[in-house]
Amino acid sequence: MDFAEKILNASTLGPWRENLRRTGRKLVVTNGCFDVLHLGHVTYLQQARDQGDALLVGVTSDAGVQALKGPGRPLNSQYDRAAVLAALETVDAVCVFSEPDARAFLEAVRPDIYAKGGDYTLDTINQDERRLLEQLGVRIVLLGAVPGKSTSAVIERMNTAQASQNDLHPDSNGPLIESMPAETFQASRWTHGNFLFPTVIEVSDKAVVRRKRSWFHRDEMSIGIQKVASVHIKTGIFWSDILIESTGGTDPVASHGHRKSDARRIKELIETCQQQVAR
């Protein structure tokens with residue numbers, strides 16, 4: 001069966017559900033965002049399927065995911081998310097719903113069993129959906145989570161990997177930058193470009209790191225402490241700009257809007273760390 005045929009819409013959902021009733025098959029339903037499919041998802045979907053004879057997955061629309069998760073989500077469109085789920089052998093059908101929650105979807109299909117995975121409890125699932133399911137006489141089953149497996153964890157690892165790729169001079173023999181004692185210096189919120197997301201410079205005995213957040217991602221780059229060639233400070237009336245150049249012709253780390261004392265401290269720290277490494 002072509003997995004695309006397993007993606008139902010408003011006109012095909014009703015007849016599909018009625019066919020299950022006619023043949024006496026027990027329907028299990030679950031719903032969620034399923035933005036980045038991972039082991040935790042496929043494990044609980046298999047467990048959900050084992051509760052009955054057919055599994056229908058309700059997928060939150062793109063607008064619904066953004067409302068729940070914030071700007072930058074979903075990473076994958078609603079059709080892509082539905083198609084990936086439909087390609088799973090354990091999933092019998094998929095339906096995208098556009099409402100803010102799953103109540104209309106659940107009332108339309110009236111499942112025999114409702115399953116939810118992860119760390120949910122009866123008190124933490126959507127309470128409006130819970131009341132509806134209880135009114136409909138639907139049995140609610142809460143399935144265990146796979147420790148450490150979540151979409152948020154996957155996205156965090158992706159961000160960490162991206163930050164690692166931006167490391168101009170990684171030290172393969174040294175520990176991670178984040179594991180080392182460091183001093184952190186934040187630019188003033190009142191300087192250009194720093195009002196909502198101030199630039200941060202972190203100095204440790206391993207590297208100089210520049211971090212800059214935005215609404216949708218985190219920009220991070222670093223220079224290994226031994227690779228710092230020079231530190232230039234441009235002093236203004238109130239604030240100082242910093243330019244940290246590296247050997248090998250790679251791009252420098254630049255930051256603006258730091259207090260003058262912080263800029264001097266950054267330069268002092270870098271020079272001190274380099275002297276300690278050279279010993």
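- Taking all atoms of both residues into account, the shortest heavy-atom contact from K26 to Q51 is CD-O, 4.1 Å.
- Through direct or indirect side-chain contacts shorter than 4.5 Å among Ile, Leu, Val, Met, Phe, Trp and Tyr, I7 is connected to Y79.
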I'd like a table of donor-acceptor pairs (distance under 3.5 Å, sequence neighbours excluded) in which one partner is a side-chain atom from residues 54-67, with atom names and distances.
unit_1	atom_1	unit_2	atom_2	d
T60	OG1	G32	O	3.3
S61	OG	G64	N	3.3
D62	OD1	Q78	N	2.7
D62	OD1	R81	NH2	2.7
D62	OD2	Q78	N	3.4

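- Under the ring-ring contact (aromatic ring centres under 6.0 Å, His included) criterion, F97 pairs with F105, not counting sequence neighbours.
- Looking at N194 and H256, their side chains come closer than 4.5 Å, going by heavy atoms from C-beta outward.
- A single hydrophobic cluster is not seen to contain both V96 and L68; linkage of ILVMFWY side chains at heavy-atom distances under 4.5 Å, directly or through other members, places them apart.
- Applying the salt bridge (charged side-chain N to carboxylate O under 4.0 Å, His left out) rule to pairs touching residues 185-197 yields nothing, sequence neighbours excluded.
- I244 and I233 are not part of a single hydrophobic cluster, where members link through side-chain heavy atoms under 4.5 Å apart.
- T121 pairs by the side-chain hydrogen bond (donor to acceptor under 3.5 Å, both in side chains) definition with T124, not counting sequence neighbours.
- By the criterion of side-chain heavy atoms lying less than 4.5 angstrom apart, applied directly or through intervening Ile, Leu, Val, Met, Phe, Trp or Tyr residues, I125 is not grouped with V28; the two fall into different hydrophobic clusters.
- Heavy atoms only, all atoms of each residue included: Y44 and K116 are closest at CE1-C, 4.1 Å.
- Put simply, the side chain of R210 gets close to the backbone of A254: a donor and an acceptor are under 3.5 Å apart.
- What you find for K6 and A86 is that their closest heavy atoms are NZ-O, 2.7 Å.
- Placement of L143 and I113 within a single hydrophobic cluster is found when ILVMFWY residues are connected by side-chain heavy-atom separations under 4.5 Å, directly or transitively.
- Rounding to the nearest 0.5 angstrom, the gap separating the CZ atom in R17 from the SG atom in C95 is 13.5 Å.
- In plain terms, the two heavy atoms of T30 and A115 that are nearest each other are OG1-O, 2.7 Å.
- Using a 30° and 60° split on the angle between ring planes, F34 and H41 fall in the tilted class, from 30° to 60°.
- With rounding to the nearest 0.5 Å, the separation of CD in Q46 from OG1 in T90 is 5.5 Å.
- In terms of heavy-atom proximity, H258 sits nearest to I201 at NE2-CD1, 3.9 Å.
- Here F197 pairs with W215 under the ring-ring contact (aromatic ring centres under 6.0 Å, His included) rule; sequence neighbours left out.
- A salt bridge between R21 and E18 is present, with a side-chain N of the basic residue lying under 4.0 Å from a carboxylate O of the acidic one.
- Among residues at least two apart or in separate chains, salt bridge (charged side-chain N to carboxylate O under 4.0 Å, His left out) pairs with a member in residues 85-102 are R49-D92, D101-R103.
- Separating the CG atom in L75 from the SG atom in C33 is a distance of 11.0 Å, to the nearest 0.5 Å.
- Taking a 6.0 Å sphere around NZ of K234, one finds it holds 12 or fewer heavy atoms contributed by other residues, nucleotides or ligands.
- Remark: S240 pairs with no residue by the side-chain hydrogen bond (donor to acceptor under 3.5 Å, both in side chains) rule, at least two apart or across chains.
- Remark: D112 pairs with no residue by the side-chain hydrogen bond (donor to acceptor under 3.5 Å, both in side chains) rule, at least two apart or across chains.
- L85 is listed as a side-chain neighbour of L37, based on a closest heavy-atom distance under 4.5 Å.
- In this structure the side chain of R139 never reaches within 4.5 angstrom of the side chain of Y114, judged on heavy atoms.
- The side chain to side chain contact (heavy atoms under 4.5 Å, CB included) check on S11 picks up N9, with sequence neighbours excluded.
- Applying the salt bridge (charged side-chain N to carboxylate O under 4.0 Å, His left out) rule to pairs touching residues 266-275 yields R265-E268, K267-E271, sequence neighbours excluded.
- Here the side chains of L133 and L106 are in contact, with some heavy-atom distance below 4.5 Å.
- For R130, the CZ atom counts as densely surrounded, since its 6.0 Å shell holds more than 12 non-hydrogen atoms of other residues, nucleotides or ligands.
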Would you please test N31 and V29 for side chain to side chain contact (heavy atoms under 4.5 Å, CB included) and show each step?
CA-CA 7 Å; N31 66 281; V29 166; 5.5 Å; no
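- Here the rule is side-chain contact (heavy atoms from CB on, under 4.5 Å) with V203, and of T272, I270, T184, V209 only I270 fits it.
- Side-chain contact between D35 and K69 is absent, with no heavy atoms from C-beta onward closer than 4.5 Å.
- Contact detail for P198 and A187: the closest heavy-atom pair is CB-O, 3.5 Å.
- Residues passing the side-chain hydrogen bond (donor to acceptor under 3.5 Å, both in side chains) test with R213, sequence neighbours excluded: none.
- Proximity of a side-chain donor or acceptor of T23 to a complementary backbone N or O of N19 within less than 3.5 Å is detected.
- Residue V200 is not grouped with residue I223 when hydrophobic side chains (ILVMFWY) are merged at heavy-atom distances under 4.5 angstrom, including chains of intermediate members.
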Apply side chain to side chain contact (heavy atoms under 4.5 Å, CB included) to the pair I225 and D205, showing each step before the final yes or no.
CA-CA 7 Å; I225 200 71; D205 60 353; 5.8 Å; no
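- Between the OG atom in S255 and the CZ atom in R211 there is a gap of 12.5 Å [rounded to 0.5 Å].
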